[in-house]
S.K.: 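The structure follows.
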Amino acid sequence: MTREAQTPDPRLSINQATIKHADLATALRVTAAAGVRSIGLWREPVNDVGLDVAARMLRDSGLRFSTHCRGGFFTLPDGPERRAALDDNRRAIEETATLAAAGAAGSTAVLVLVAGGLPAGSRDLIGARERVRDAIGVLAPEAKAAGVTLAIEPLHPMYASDRAVVSTLGQALDIAGDFEPDVVGAAVDTFHIWWDPQVLEQIARAGREGRIATYQVCDWKTPLADDVLLSRHYTGDGVIDFASLTRAVIATGYDRDIEVEIFNADIWADAPDHVVRRTAETFAEAVSPYLR
């Protein structure tokens with residue numbers, strides 16, 4: 001049997017960012033056609049067709065829904081822009097609940113949150129993190145009412161100034177600890193946390209606290225792209241130890257889908273159907289052996 005003919009791992013989910021230039025219809029079609037059973041969606045393609053249409057398309061695809069990306073960007077000071085950001089997150093919560101209800105059995109209502117970077121002209125990193133905590137405090141009751149889990153995603157420290165002032169899994173868990181585990185959890189993304197000397201300890205902590213809302217995987221390889229946002233690779237193509245990280249996550253009892261989320265201009269330029277097949281192949285080699 002050729003690798004192309006193998007059945008993809010049943011826990012694999014294709015995060016739509018991996019096939020960024022595919023519209024929603026194409027993303028659903030190529031994912032299902034490859035035998036992958038789950039997909040994580042992004043808000044922009046969903047909003048391009050409208051939430052009701054997107055939910056119907058997802059339902060018709062037969063795919064599970066693993067996460068919605070993304071909410072967050074909470075670090076602005078009080079004012080109209082911060083209020084607008086909170087309102088946008090309210091819409092994201094509604095989208096997440098609607099799409100989770102439309103997905104196949106086993107779908108999860110998880111909204112991934114990227115904290116946001118330092119406001120223009122600010123050096124107040126501590127204050128920015130507190131504003132993230134405050135914003136989640138505002139949104140948590142609304143998420144609970146909608147049955148949605150807010151997943152705080154720590155990003156690698158190189159993004160702290162412009163994208164996410166939450167840089168470690170420990171920091172994400174410290175914020176999440178103020179709230180119920182089914183309302184606020186954390187996203188465990190290998191690209192962002194692999195370097196952390198406390199990562200295995202913090203994964204175990206996340207498991208004890210019941211806060212692993214999603215596990216996302218891709219690889220790290222140097223040199224980084226000129227745009228460091230686009231430096232993610234297929235699993236197994238870089239230096240991340242998926243064995244230790246995946247075993248640690250599975251040891252917590254995590255039993256949900258595992259997303260592959262890749263930002264890479266060369267991969268985006270490839271045909272979406274080929275990218276999905278290649279993602280399934282590399283996942284089977286680099287991640288699947290440690291799920292058992």
Side-chain angles (χ1 to χ4, degrees), residues 3-71 91-92 95-96 98-100 102-104 106-112 114 151 153 187 189-191 214-219 225 227 229-237 257-284 286-287:
R3 290 198 304 180
E4 287 76 12
Q6 291 178 352
T7 301
D9 193 295
R11 294 182 67 177
L12 168 64
S13 179
I14 301 295
N15 184 287
Q16 195 174 2
T18 302
I19 46 175
K20 180 179 175 65
H21 298 313
D23 60 19
L24 180 59
T26 302
L28 294 169
R29 176 178 56 79
V30 299
T31 299
V36 177
R37 302 181 188 180
S38 181
I39 192 166
L41 298 181
W42 275 67
R43 298 187 64 202
E44 293 82 357
V46 167
N47 291 328
D48 282 345
V49 301
L51 179 58
D52 291 343
V53 172
R56 185 174 68 248
M57 293 168 65
L58 175 62
R59 184 179 298 110
D60 291 346
S61 76
L63 294 170
R64 293 191 299 269
F65 174 71
S66 52
T67 68
H68 201 34
C69 290
R70 64 194 177 200
R91 290 189 291 273
E95 293 166 12
T96 305
T98 299
L99 292 167
S107 295
T108 50
V110 174
L111 174 61
V112 176
V114 174
E153 181 173 20
D189 186 322
T190 59
F191 181 82
T214 182
Y215 180 39
Q216 297 178 329
V217 296
C218 71
D219 219 334
D227 181 349
L229 185 65
L230 307 184
S231 294
R232 295 170 174 240
H233 295 268
Y234 289 116
T235 54
D237 283 359
D257 291 325
I258 300 170
E259 289 187 1
V260 175
E261 182 185 48
I262 300 174
F263 292 74
N264 184 300
D266 291 336
I267 291 172
W268 288 347
D270 199 355
D273 57 344
H274 179 262
V275 171
V276 172
R277 291 195 303 270
R278 180 64 181 151
T279 298
E281 292 167 5
T282 55
F283 185 94
V287 180

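Fair warning: this is a prediction, and the values are worked out from it, not measured in the lab.
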S.K.: Let's go through I267 and R278 carefully: what are the C-alpha distance in whole Å and the side-chain angles of both, what is the deciding distance for side chain to side chain contact (heavy atoms under 4.5 Å, CB included) to 0.1 Å, and is it a yes or a no?
M.R.: CA-CA 10 Å; I267 291 172; R278 180 64 181 151; over 6 Å; no
S.K.: To the closest 0.5 Å, what do you measure between CG (L99) and CG (L51)?
M.R.: 5.5 Å
S.K.: If every non-hydrogen atom of R70 is compared with every non-hydrogen atom of L111, which pair is closest and at what distance?
M.R.: C-CD1, 4.1 Å
S.K.: Are any non-hydrogen side-chain atoms of C218 and E261 less than 4.5 angstrom apart?
M.R.: no
S.K.: Taking all non-hydrogen atoms of both residues into account, name the closest pair between A151 and A187 and its distance.
M.R.: CB-N, 4.1 Å
S.K.: Nearest 0.5 Å, please: how far is NZ in K20 from CH2 in W268?
M.R.: 5.0 Å
S.K.: Residues two or more places apart in sequence or in another chain: which of them pass salt bridge (Lys or Arg N to Asp or Glu O under 4.0 Å) with E153?
M.R.: none
S.K.: Testing the basics here: between C69 and N15, what is the closest heavy-atom pair and its distance to 0.1 Å?
M.R.: SG-ND2, 3.8 Å
S.K.: Could you go through D9 and V287, starting from their C-alpha distance and side-chain angles, then the distance that decides it, and tell me whether this counts as side chain to side chain contact (heavy atoms under 4.5 Å, CB included)?
M.R.: CA-CA 9 Å; D9 193 295; V287 180; over 6 Å; no
S.K.: Measure the shortest side-chain to side-chain distance between R91 and N47 over non-hydrogen atoms and say whether it is less than 4.5 angstrom.
M.R.: no
S.K.: Is there a donor in the side chain of E259 and an acceptor in the side chain of T67, or the other way round, less than 3.5 Å apart?
M.R.: yes
S.K.: Could you grab the distance from atom CZ of R232 to atom CD1 of I262, nearest 0.5 Å is fine?
M.R.: 8.5 Å
S.K.: If you take all heavy atoms of A55 and A102, which pair is closest and at what distance?
M.R.: O-CB, 3.4 Å
S.K.: Say you draw a straight line from CG of N264 to CG of L229; how long is it, rounded to the nearest 0.5 Å?
M.R.: 10.5 Å
S.K.: Main chain of T282, side chain of T235: is a donor-acceptor contact present, judged purely on distance under 3.5 Å?
M.R.: yes
S.K.: In the structure I gave you, are the side-chain heavy atoms of F65 and T96 within less than 4.5 Å of one another anywhere?
M.R.: yes
S.K.: So for atom CG, which belongs to D227, do other residues, nucleotides or ligands contribute more than 12 heavy atoms lying within a distance under 6.0 Å?
M.R.: yes
S.K.: Is any side-chain heavy atom of S231 less than 4.5 Å from a side-chain heavy atom of F191?
M.R.: yes
S.K.: Has the side chain of T31 got a donor or acceptor atom that lies under 3.5 Å from a matching backbone atom of L28?
M.R.: no
S.K.: So which heavy atom on V110 is nearest to which on S66, and how close?
M.R.: CB-O, 3.9 Å
S.K.: Applying salt bridge (Lys or Arg N to Asp or Glu O under 4.0 Å), can you list everything that pairs with R64, at least two apart in sequence or on another chain?
M.R.: D257
S.K.: Is there a donor-acceptor pair closer than 3.5 Å between any side-chain N or O of S61 and the backbone N or O of L63?
M.R.: yes
S.K.: Given side chains that start at C-beta, do those of V53 and M57 come closer than 4.5 Å, heavy atoms only?
M.R.: yes
S.K.: So, do L24 and D48 sit near enough that their side-chain heavy atoms are less than 4.5 Å apart?
M.R.: no
S.K.: Before giving the answer on side chain to side chain contact (heavy atoms under 4.5 Å, CB included), spell out for V275 and Y234 the whole-Å C-alpha distance, their side-chain angles and the decisive distance to 0.1 Å.
M.R.: CA-CA 9 Å; V275 171; Y234 289 116; 3.7 Å; yes
S.K.: Which heavy atom of A286 sits nearest to which heavy atom of G236, and what is that distance?
M.R.: CB-N, 3.9 Å
S.K.: Calculate, to the nearest 0.5 Å, the distance between atoms CG and CG belonging to L230 and D266 respectively.
M.R.: 9.5 Å
S.K.: Under the salt bridge (Lys or Arg N to Asp or Glu O under 4.0 Å) test, which residues partner D219, sequence neighbours left out?
M.R.: none
S.K.: At what distance, to the nearest 0.5 angstrom, does CD1 of I39 lie from CG of L58?
M.R.: 8.0 Å
S.K.: Going by heavy atoms in the side chains, are V46 and H68 under 4.5 Å from each other?
M.R.: yes
S.K.: What's the verdict on salt bridge (Lys or Arg N to Asp or Glu O under 4.0 Å) for R277 and D273, showing C-alpha distance, side-chain angles and the deciding distance?
M.R.: CA-CA 6 Å; R277 291 195 303 270; D273 57 344; 3.7 Å; yes
